[in-house]
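Just so we're clear, the structure is a prediction, and the values are computed from it rather than from any experiment.
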Amino acid sequence: DQQVKQNSPSLSVQEGRISILNCDYTNSMFDYFLWYKKYPAEGPTFLISISSIKDKNEDGRFTVFLNKSAKHLSLHIVPSQPGDSAVYFCAATGRTSNTGKLIFGQGTTLQVKP
Amino acid sequence: DAGVIQSPRHEVTEMGQEVTLRCKPISGHNSLFWYRQTMMRGLELLIYFNNNVPIDDSGMPEDRFSAKMPNASFSTLKIQPSEPRDSAVYFCASSPNDDSYNEQFFGPGTRLTVL
């Protein structure tokens, strides 16, 4: 059973526009969420994270929003650049409940067109 | 720092053969994770170690899979016997301490193809 779901396998946006990647989770014990970015033939790299005590975290062009009641988070990239084209994974864990591991979604492939 | 090192980068083998994947974590990191990436399930955690001790192996799919960490700088993931459905990209990751919510640093992965 997928506890973390990314329902959109792919997304295509124009350079300069906003990219919005979505992620849903089912386990209410999750209290920390991360986004990783993966280029072909490379391992995922950490992008941004958010704790459940916040509803927004921003780092440059990247902002993550968390809606706990809906068990939903999203990653916004503004403005999108061709170099952002990659696979994006969201991940979740439960620090306070000591579940002790990251649960990843299936990934969303983002293509930013010049 | 060289980052997490995995070998081989690509492995093609025949069904029934033994496969051994290798990982060298970042020096000083005391948590190590093995993941498998497939199209259907994304990144699945197979097993993780803290201070060379296996903490959670609930993601290991079958007895055909085994993992060891004989010391702080080396880990192996073995599949014996291998099957075509094991074809996937296998990643190793390490992190500085035993809280997996910390950033994990991934290796480049091993692409395994079982014919």
So for [X], is it side chain, backbone, both, or neither that comes closer than 4.5 Å to the heavy atoms of chain A?
X         : answer
Glu44(B)  : neither
Arg9(B)   : side chain
Thr110(B) : neither

Worksheet item: How about Gln104(B) and Tyr35(B): does a side-chain donor come under 3.5 Å of a side-chain acceptor?
Response: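 There is such a pair (donor and acceptor under 3.5 Å, judged by atom type) between the side chains of Gln104(B) and Tyr35(B).
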Worksheet item: With distance as the sole criterion, is a donor-acceptor pair present between the side chains of Asn50(B) and Ser31(B) under 3.5 Å?
Response: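 Yes, a side-chain donor-acceptor pair sits under 3.5 Å.
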Practice prompt. Measure from the ring center of Phe46(A) to the ring center of Phe105(B) and say whether it is less than 6.0 Å.
Written response: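 Ring centroids of Phe46(A) and Phe105(B) are no less than 6.0 Å from each other.
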Worksheet item: Looking at Ala91(A), Ala41(A), Gly107(A), which makes the most heavy-atom pairs under 4.5 Å with chain B?
Response: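 Option with the greatest count: Ala41(A).
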Worksheet entry | Point-to-point distance, once rounded to the nearest 0.5 Å, from CG of Asp86(B) to CE of Met15(B) |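 The CG atom of Asp86(B) sits 11.0 Å away from the CE atom of Met15(B).
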